[in-house]
Amino acid sequence: MSELPTTETVADTARAEAIELTGEDIILECRNLSVSFGMDRGVSRVLHDVDIDIRRGEILGIVGESGSGKSMFASALLNAVVDPGRTDGSVIYHQKEGEPVDVLGLEKGPLRSLRWADISMVFQGAMSSFNPTMDFREHFVETLEAHDYDVEKGLNRGEELLADLYLDPDRVLDSYPHELSGGMKQRALIALALVLEPEVLVMDEPTAALDLLMQRSIISLLSDLRDKYDLTMVFITHDLPLVTKLADRIGVLYAFEFAEIGDTAEMIRNPRHPYTRALLNSTPNLDAPLSEMRPIAGAAPDPVDVPAGCPYHERCPMATEECADVKPPMDSVSATHEVACHHWPDVDEEIPLSTEGER
Ligand SMILES: Nc1ncnc2c1ncn2[C@@H]1O[C@H](COP(=O)(O)OP(=O)(O)OP(=O)(O)O)[C@@H](O)[C@H]1O
């Protein structure tokens with residue numbers, strides 16, 4: 001007699017069917033994901049009805065100018081928005097084995113464990129959060145003990161991760177934070193974030209404080225780590241040239257929502273949103289450092305007062321009355337590329353890419 005299927009096998013079968021149907025294995029499914037803060041002058045909507053599926057094993061780059069909502073998106077993915085922020089919508093985590101997890105509905109305890117053991121995050125500026133009185137071994141042990149993880153096994157994994165990141169494990173574990181350079185500390189932080197074997201690593205500006213050479217070497221190490229440990233990565237940055245070197249797919253955030261999402265090659269060769277074009281045109285070529293990017297004319301919208309219609313219309317050279325009145329829905333450019341713009345088919349003539357020949 002055949003055994004009854006368990007909930008886990010039912011969930012696994014459902015996942016397998018979904019993969020077969022769509023050809024995609026989704027690990028994080030965000031729907032109407034929004035973050036807001038009540039302010040004296042009104043409600044500040046700092047992430048606005050974001051829909052995105054993050055695929056298992058991909059490196060998703062998120063770019064946008066300062067204040068566009070990148071950090072809010074990262075925090076919302078882990079249900080880690082600071083008080084008194086309010087997160088609405090849903091984030092469903094499809095584990096490799098087991099039932100889907102409603103991340104925004106988790107109680108404190110399971111959420112704490114999910115944040116390290118399933119979806120781990122390297123926060124912006126986290127390098128300065130190391131305790132100066134503890135060496136790195138103590139940092140690893142503290143994290144492992146806090147999550148009831150086998151310390152010896154965890155330290156072995158930590159050593160392997162440090163070596164993967166081209167660090168001398170013994171030297172690093174015996175060092176105090178002030179004894180390591182910025183690049184070494186950032187790599188140690190990435191190793192620490194991966195010590196509990198998460199499936200997803202979310203990184204918010206992980207290389208912003210580092211020099212160009214170190215940035216480039218870290219992104220190449222991240223790509224190796226993804227392959228070795230079957231990780232899914234979300235890499236958040238305002239450095240468009242850098243993210244094109246790492247990401248499989250890029251999402252451009254403008255005014256707290258995605259303006260365009262697509263495979264990296266399509267986003268570079270065939271960007272359809274006027275804002276993505278402005279971003280690309282503001283960099284001399286994709287090998288130039290971020291410091292050579294020119295600012296885009298106009299100011300980013302205030303989250304308390306985002307313009308009606310297309311949020312970019314006030315800065316957009318192609319804007320029409322329709323853009324001021326009607327918010328453009330996400331439209332498919334191809335099976336792997338979508339854009340929120342009323343005029344995307346005409347963007348080639350209106351906003352030529354200035355660096356096309358060099359990309
Ligand atoms: N604690 C908070 N309370 C209210 N508003 C906040 C808070 N933290 C951030 N914001 C606002 O949320 C919006 C989005 O901020 P976020 O930090 O996500 O932007 P970002 O794209 O990550 O920018 P940066 O590249 O500068 O880090 C901004 O307008 C910011 O001022």
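Below, each value reflects all heavy atoms present in this structure, side chains not excepted, and no hydrogens, waters or symmetry copies. Indexing begins at 1, ligand by ligand and atom by atom, following the structure's order.
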Hey, which of R187, K228, R226 is the one that makes salt bridge (charged side-chain N to carboxylate O under 4.0 Å, His left out) with D164? K228
Among protein heavy atoms, which sits nearest to atom 5 (N) of ligand 1, and what does the distance come to when rounded to 0.1 Å? F37 CD1, 3.8 Å
Using side chain to side chain donor-acceptor pair (under 3.5 Å) as the criterion, list what pairs up with W344, not counting sequence neighbours. D331
Would you kindly confirm whether L33 and M72 end up in one hydrophobic cluster when ILVMFWY residues are joined by side chain heavy atoms under 4.5 Å apart? yes
Do R157 and Y149 form a cation-pi contact, if we require the NZ or CZ to be under 6.0 Å from the six-membered ring centre and within 45 degrees of the ring's axis? no
for atom 26 (O) of ligand 1, nearest protein heavy atom and its distance come out as S66 OG, 2.5 Å
Among protein heavy atoms, which lies nearest atom 12 (O) of ligand 1, and at what distance? V46 CG1, 2.9 Å
Closest approach of any protein heavy atom to atom 17 (O) of ligand 1, naming residue and atom: S71 CB, 3.5 Å
Heavy-atom contacts under 4.0 Å between P303 and ligand 1: side chain, backbone, both, or neither? side chain
Looking only at heavy atoms, which two atoms of R315 and I296 are closest? And how far apart? NH2-O, 3.3 Å
Provide, to 0.1 Å, the distance between atom 28 (C) of ligand 1 and the closest protein heavy atom, together with that atom's residue and name. G67 O, 3.9 Å
Taking only heavy atoms of E65, which atoms of ligand 1 are found under 4.0 Å from at least one of them? 21 (O)
Do any nitrogen or oxygen atoms of S44 lie less than 3.5 angstrom from nitrogen or oxygen atoms of ligand 1? no
Once you restrict to heavy atoms under 4.0 Å, what part of H238 touches ligand 1? Side chain, backbone, both or neither. neither
Measure from the side-chain N and O atoms of R45 to the backbone N and O of S34, and report whether any donor-acceptor pair falls under 3.5 Å. no
What do you think, any protein heavy atom under 4.0 angstrom from atom 24 (P) of ligand 1? yes
Any N or O of M72 closer than 3.5 Å to N or O of ligand 1: yes
Has K185 got a side-chain atom pairing as donor or acceptor with H178's backbone, closer than 3.5 angstrom? no
